[in-house]
Peer 1: 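Quick one: structure below, then a few questions.
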Amino acid sequence: MKILGIESSCDETAAAVVENGRHLISNVVNSQIDIHSAFGGVVPEVAARSHLEVILPVIDKAVQDAGGWNEIDAIACTTMPGLIGSLLIGSLTARTLALLKNKPFYPIHHVEAHVYANFLDGDAPRFPLLALIVSGGHSQIVLFRDHGDYELIGQTADDAVGEAFDKVAKILGLPYPGGPSIAKAAEHGDPLKYSFPKAKMAGKYDFSFSGLKTAVLRAVQSECGKDHTYPSNALSALLTPAQCNDFAASFQHVAVETLVDKVIAAFDEFAPKSVVIAGGVAANQELRRQLAARLPIKITFPDPQFCTDNAAMVATLGYYVATGSEPTDPRDVELFPSISMTKTAWKLN
């Protein structure tokens, strides 16, 4: 079964075709990073307009690379969560195509789809599996007993870890997106130069990054000899390159260690057969290093191109949804800008 996946939940316009939930046939991604970097973050209206400009050419190339519409058995599209304007562009296009081409339609939860980037080619993860999902908008730990059978056991109480990377990068005067720029600066810094706290949470597997972000801000203010009244966006001009690198390395070390501590604790309690990492922050090399050093089993990481938003993960999850549930009438699809993956589309059916 060949599934056409369509993704437009934030600032990537993507389409891909995946066969039997394992084999990538075609993959097209149009990124808006260059557009939004000028603003230091994603501007929702700009994102939606950009999707509108490229959505049809992106889908057409993915379909043609896969052999044409006769090769497509069903369409899967992200309908939750995300920026409402961006979701609307992708969803309307996908639903219209499903009706015009007479293809079954399956709505997909974006965060759940990130996990399924790990099922593309190679050795598939085995159940039960423990998934750490870390991105700019989401940070959570999920225990999967099988496809569609999972439990959210931990999540952030405030900032997602990727969001914290972006905010600290802004304090240090590093470019957007913050994850790659912090990681690059950290390569030249001392991860133990500055001591930052880890939040103590009531939930055993929950975490928080708001306090860490504030601790970095206060430490930078102290290092620059300024108090809280000094504009935070002007602090970076007072830092030397060495100081900036040390702050980046120290922040990254503690942020990653916070995640890894929780994964280790969950692994010890649930003894999963597989551990998978998903989302944009899964590309972070410090996260990969710490996990490899502390976990007794091999960890499954997606290929870096599938860590950030893409449609291959949507098509992959779409295959398993299609084999486990009935299609949804494209005229009856509802969009959810914010909804937990514990209430996914195929569980709502």
Side-chain angles (χ1 to χ4, degrees), residues 3 5 16 18-24 76 108-135 138-156 160-162 203-207 256-310 312-324 340-342 344 346-347:
I3 307 291
V18 173
E19 185 174 18
N20 296 333
R22 300 283 289 126
H23 305 299
L24 184 65
I108 297 297
H109 192 288
H110 173 84
V111 182
E112 184 181 3
H114 268 299
V115 175
Y116 281 79
N118 290 283
F119 284 81
L120 278 167
D121 299 309
D123 296 327
R126 295 185 299 156
F127 295 101
L129 69 81
L130 189 69
L132 172 66
I133 308 170
V134 278
S135 68
H138 308 277
S139 295
Q140 51 199 46
I141 300 175
V142 184
L143 180 65
F144 282 76
R145 298 178 183 87
D146 203 341
H147 298 295
D149 180 10
Y150 50 80
E151 176 185 359
L152 179 62
I153 62 173
Q155 60 187 328
T156 182
V161 65
K204 188 175 181 180
Y205 304 114
D206 291 337
F207 24 74
V256 167
E257 196 170 63
T258 298
L259 296 170
V260 174
D261 286 347
K262 301 295 185 177
V263 172
I264 299 301
F267 178 85
D268 290 342
E269 178 173 348
F270 297 106
K273 291 182 179 178
S274 302
V275 175
V276 306
I277 315 301
V281 183
N284 183 278
Q285 294 302 309
E286 176 65 10
L287 175 60
R288 296 185 178 216
R289 184 194 68 77
Q290 287 196 29
L291 281 169
R294 295 179 61 184
L295 273 175
I297 65 172
K298 182 181 178 181
I299 310 125
T300 303
F301 293 96
D303 185 286
Q305 68 175 315
F306 301 125
C307 291
T308 52
D309 293 351
N310 62 89
M313 67 186 193
V314 174
T316 301
L317 175 55
Y319 168 78
Y320 294 99
V321 174
T323 57
S340 170
M341 61 181 284
T342 58
T344 62
W346 56 325
K347 289 187 176 182

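Every heavy atom of this structure was used, including side-chain atoms; hydrogens, water molecules and symmetry mates were not.
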Peer 1: Would you check, one step at a time, whether the test side-chain contact (heavy atoms from CB on, under 4.5 Å) holds for V134 with L287?
Peer 2: CA-CA 10 Å; V134 278; L287 175 60; 4.2 Å; yes

Peer 1: Go through M341 and L152 one step at a time and tell me if the side-chain contact (heavy atoms from CB on, under 4.5 Å) criterion holds.
Peer 2: CA-CA 8 Å; M341 61 181 284; L152 179 62; 5.5 Å; no

Peer 1: Would you check if the side chain of N20 reaches a backbone N or O of H23 as a donor-acceptor pair within less than 3.5 Å?
Peer 2: no

Peer 1: If only atom types and distance count, is the side chain of S139 paired as donor or acceptor with the main-chain N or O of V161 below 3.5 Å?
Peer 2: yes

Peer 1: For residues A124 and F119, report the shortest heavy-atom separation together with the two atoms involved.
Peer 2: CB-CD2, 4.0 Å

Peer 1: Is the shortest heavy-atom distance from the side chain of L120 to the side chain of D303 under 4.5 Å?
Peer 2: no

Peer 1: Report the distance from atom CD1 of I133 to atom CD of Q140, rounding to the nearest 0.5 Å.
Peer 2: 4.5 Å

Peer 1: For the residue pair H110 and H114, does the interplanar ring angle fall in the parallel (under 30°), tilted (30 to 60°) or perpendicular (over 60°) class?
Peer 2: perpendicular

Peer 1: Which pair of heavy atoms, one from I277 and one from N118, lies closest together, and at what distance?
Peer 2: O-ND2, 3.3 Å

Peer 1: Give me the ring orientation class for F144 and Y116: parallel if the planes are under 30° apart, tilted from 30 to 60°, perpendicular past 60°.
Peer 2: perpendicular

Peer 1: Which heavy atom of Y320 sits nearest to which heavy atom of T316, and what is that distance?
Peer 2: CD1-O, 3.2 Å

Peer 1: Step through the shown structure and confirm whether more than 12 heavy atoms of other residues, nucleotides or ligands are within 6.0 Å of CG on D268.
Peer 2: yes

Peer 1: Distance-only check: which donor-acceptor pairs under 3.5 Å involve side-chain atoms of residues 292-302, not counting sequence neighbours?
Peer 2:
residue: R294; atom: NH1; partner: D261; partner atom: OD1; Å: 2.7
residue: R294; atom: NH2; partner: D261; partner atom: OD1; Å: 3.1

Peer 1: Would you name the heavy atoms of E286 and N284 that are closest together and state the gap between them?
Peer 2: N-OD1, 2.9 Å

Peer 1: Say whether, by atom type as modelled, one donor and one acceptor occur between the side chain of R22 and the main chain of D121 under 3.5 angstrom.
Peer 2: yes

Peer 1: Calculate, to the nearest 0.5 Å, the distance between atoms CE and OG1 belonging to M313 and T308 respectively.
Peer 2: 8.5 Å

Peer 1: Could you pull out the closest heavy-atom pair between A160 and H138, with the gap in Å?
Peer 2: CB-N, 3.5 Å

Peer 1: Strictly by modelled atom types, are H147 and Y319 linked by a side-chain donor-acceptor pair under 3.5 Å?
Peer 2: no

Peer 1: Looking at Q155, is its backbone amide N or carbonyl O close enough to the side chain of D206 to form a donor-acceptor pair, meaning the two atoms are under 3.5 Å apart?
Peer 2: yes

Peer 1: Can you tell me how far the CD1 atom of I141 sits from the OH atom of Y205, to the nearest 0.5 Å?
Peer 2: 8.5 Å

Peer 1: At what distance, to the nearest 0.5 angstrom, does CG of L317 lie from CD1 of I3?
Peer 2: 10.0 Å

Peer 1: Can you tell me how far CZ of R289 sits from CG of L291, rounded to the nearest 0.5 angstrom?
Peer 2: 10.0 Å

Peer 1: I'd like to know whether V115 forms a side-chain contact (heavy atoms from CB on, under 4.5 Å) with Y150, so could you lay out the CA-CA distance, the side-chain angles of the two residues, the decisive distance to 0.1 Å, and finally the verdict.
Peer 2: CA-CA 12 Å; V115 175; Y150 50 80; over 6 Å; no

Peer 1: Let me see the working for L130 and I153 under side-chain contact (heavy atoms from CB on, under 4.5 Å), right down to the final yes or no.
Peer 2: CA-CA 10 Å; L130 189 69; I153 62 173; 4.0 Å; yes

Peer 1: What's the shortest heavy-atom distance between F127 and K273, and which atoms?
Peer 2: O-CD, 3.2 Å

